[in-house]
A.B. asks: 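Take this structure, written in structure tokens, and hold onto it; I'll ask about it next.
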Amino acid sequence: MKIWLKRFAAGVILPGVLLLSACSGGTQNESAATSADGIQERTIKAGIGNSESHPQGQGMVKFKELLEEKSGGKMKVQNFFDATLGDDLKMTEALQGGLQEVTVPSTSPLVGMIKEFGIYDFPFVFNTEKEAYSVLDGAVGQKLLDKLPEHDLVGLGYWENGFRNLTNSKHPVNTAEDFKGLKIRTMQNEVHLEAFSKLGANPSPMAFSEVFTALESGTVDGQENPLATIKTQKYSEVQDYLSLTKHVYTPFVFLVSKKFWDSLSEEEQKIMSEAAQEAGEYQRALNQEENEKALKILEEEGMKINEVSPEEAEKMKEVIQPVTDEFAKKFGSDLVEEMMSEVEKVRGN
Ligand code: TK8
């Protein structure tokens, strides 16, 4: 009986597996799945939400160059910008399904999948990029990357979206009170949603590619993003005020489809990982340069720009604190403490 079952099972399942693998991956990538080492001809479809001229786009161009160079031209990258393959969430799902190989989303919209990514969404945690890097590139960042494989994703490190600033069409935001009544587009993330509600704003979660039209049509009064994004998305055409709130730091996470990753040889995985890391370092440095340049350009384009004093930022933080406390329990107090003590270490130096 046992033997019969085994045979029966093998007879049924084997063709099923073959059928599945023949349909799923694209023949090029599939045919090399069995080779243990060496570099095969591969085509990697990579998509992001920002434009090619954004530091994230330039990071992808660098990734393409590096991987093609390291693989002797065998591993080719096709880059798709401006959410032409879909927004962050949609592309991440395409990776899970094995329909796309690479995307580099903000961590914020992924909280439905990995709730702990929400710790990065706590407002006013990081004061500098260096503080953010120490968390992201350290034990806390790795712990969260380790959660990706159970969701059919592999994380090759963090790139930089950066510190977010508020733009709107109504008035400058200098104090916590100034948020009251503003309709603000947020990312699809519950921490952001509740933090802006707490400040008295009316947050409206929305995918990135819909933001410009929502601002233009007045569906929302404002949005918040790093300066490089405000510039490349031409928000100055539809927003008069830019307030340098720097209220939260958003990382990008470099994701690979686990289905694709598992089909790679060790050597291919190694060079892909190196290319993502090196392009990431380049991207972070470029992002900081571009943010500075963007500020000047946005001013020239006529935006009315105001700084937020440290005292007023502290008051904003106090208003939001109950939201942060509530979510800290949800995401794991130990993890949040570990993040905070890492920040303190860097700040103390
Ligand atoms: C790009 C997004 C974007 C993010 C947002 O895909 O949605 O506002 O800041 O830059 O990840």
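Both ligands and their constituent atoms are indexed starting at 1 by order of listing. We number each residue from 1, following the sequence as shown.
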A.B. asks: Could you work out the complete set of other residues in the hydrophobic cluster of Tyr241, with links drawn between I, L, V, M, F, W and Y side chains under 4.5 Å apart?
C.D. replies: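 Hydrophobic cluster check, Tyr241: no partners found.
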A.B. asks: Would you please write out the protein residues whose heavy atoms approach any atom of ligand 1 to under 4.0 angstrom, listed by chain and number?
C.D. replies: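 Lining ligand 1: Gly49, Asn50, Asp88, Ser106, Asn161, Arg164, Arg185, Met187, Phe208, Asn225, Phe252.
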A.B. asks: With a 4.0 Å cut-off on N to O distance, would you call Glu41 and Lys76 a salt bridge?
C.D. replies: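 Yes, Glu41 and Lys76 are salt-bridged.
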A.B. asks: Only counting residues at least two apart or in another chain, list the ones meeting salt bridge (charged side-chain N to carboxylate O under 4.0 Å, His left out) with Lys64.
C.D. replies: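 Expected list: Glu68.
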A.B. asks: Taking Glu290 first and then Lys293, would you say they form a salt bridge - that is, a charged N and a carboxylate O separated by under 4.0 Å?
C.D. replies: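 Looking at Lys293 together with Glu290, the answer is yes, because their closest N to O distance falls below 4.0 Å.
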A.B. asks: Side-chain donor-acceptor contacts of residues 316-336 below 3.5 Å, not counting sequence neighbours, with atom names and distances?
C.D. replies:
residue : atom : partner : partner atom : Å
Gln321  : NE2  : Asp325  : OD1          : 3.0
Lys330  : NZ   : Glu190  : OE1          : 3.4

A.B. asks: Testing Glu338, Glu342, Glu116 for salt bridge (charged side-chain N to carboxylate O under 4.0 Å, His left out) with Lys143, which one passes?
C.D. replies: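 Exactly one option meets the salt bridge (charged side-chain N to carboxylate O under 4.0 Å, His left out) with Lys143, and it is Glu338.
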